[in-house]
Amino acid sequence: MFISLFAFDAFSEKVTVSESILAFLIHLIPTAILLVALIISWKWEWIGGILFIIFPAIYLTVARGQSFLTYLIICTPLVLISVLFFVSWFLQNKKYRKIR
């Protein structure tokens, strides 16, 4: 939901309603990608760990020239989510190893 908030800047411009809605939907594409990644990650935590570490790397590559604070605000939650998925995967595998 945090990433979705940035889509609302599409309504700040002085354009028609249809153009604003189209711009809003285009701004929601990253949110849709993250949502699909989250759905996949619930099934396979290790894939979630990989995906959520790749997303900040892509953002850092694409959004060059931003301030350090911008990078920090966008990338830190994604890296934290990646770490949590890896920890979850590790703990589940450790639990299954003890059962066998």
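What you see is a predicted model; the values in this text were computed from it and never measured. Position 1 is the first residue of the sequence; numbering continues from there.
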Are [Y] and [X] connected in a single hydrophobic cluster, I mean Ile/Leu/Val/Met/Phe/Trp/Tyr linked by side-chain heavy atoms less than 4.5 Å apart?
{"X": "Ile40", "Y": "Leu35", "answer": "no"}
{"X": "Ile81", "Y": "Ile39", "answer": "no"}
{"X": "Phe86", "Y": "Leu78", "answer": "yes"}
{"X": "Leu60", "Y": "Phe55", "answer": "yes"}

* To do: Check step by step if side chain to side chain contact (heavy atoms under 4.5 Å, CB included) holds for Leu38 and Phe85.
  => CA-CA 10 Å; Leu38 183 62; Phe85 274 121; 3.9 Å; yes
Phe68 ring center within less than 6.0 Å of Tyr71 ring center:
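Not close enough - the centres of the two rings lie 6.0 Å or further apart.
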Could you point out which residue of Leu80, Ile47, Leu34 forms a side-chain contact (heavy atoms from CB on, under 4.5 Å) with Phe52?
->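 Answer after filtering Leu80, Ile47, Leu34: Leu34.
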Sidechain-backbone polar pair: [X] side chain, [Y] backbone, donor-acceptor under 3.5 Å:
{"X": "Thr61", "Y": "Ala57", "result": "yes"}
{"X": "Ser41", "Y": "Ala37", "result": "yes"}
{"X": "Thr76", "Y": "Leu72", "result": "yes"}

| Should the pair Trp89 and Trp46 be assigned to parallel (<30°), tilted (30 to 60°) or perpendicular (>60°) ring geometry? |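 The rings of Trp89 and Trp46 sit tilted, inter-plane angle from 30° to 60°.
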- Query: What's the verdict on side chain to side chain contact (heavy atoms under 4.5 Å, CB included) for Tyr59 and Thr70, showing C-alpha distance, side-chain angles and the deciding distance?
  - Reply: CA-CA 11 Å; Tyr59 179 75; Thr70 303; 3.4 Å; yes
Roughly how far, to the nearest 0.5 Å, is [atom2] of [Y] from [atom1] of [X]?
{"X": "His27", "Y": "Leu22", "atom1": "NE2", "atom2": "CG", "answer": "10.5 Å"}
{"X": "Glu45", "Y": "Leu91", "atom1": "CD", "atom2": "CG", "answer": "10.0 Å"}
{"X": "Ile58", "Y": "Ile53", "atom1": "CD1", "atom2": "CD1", "answer": "11.5 Å"}

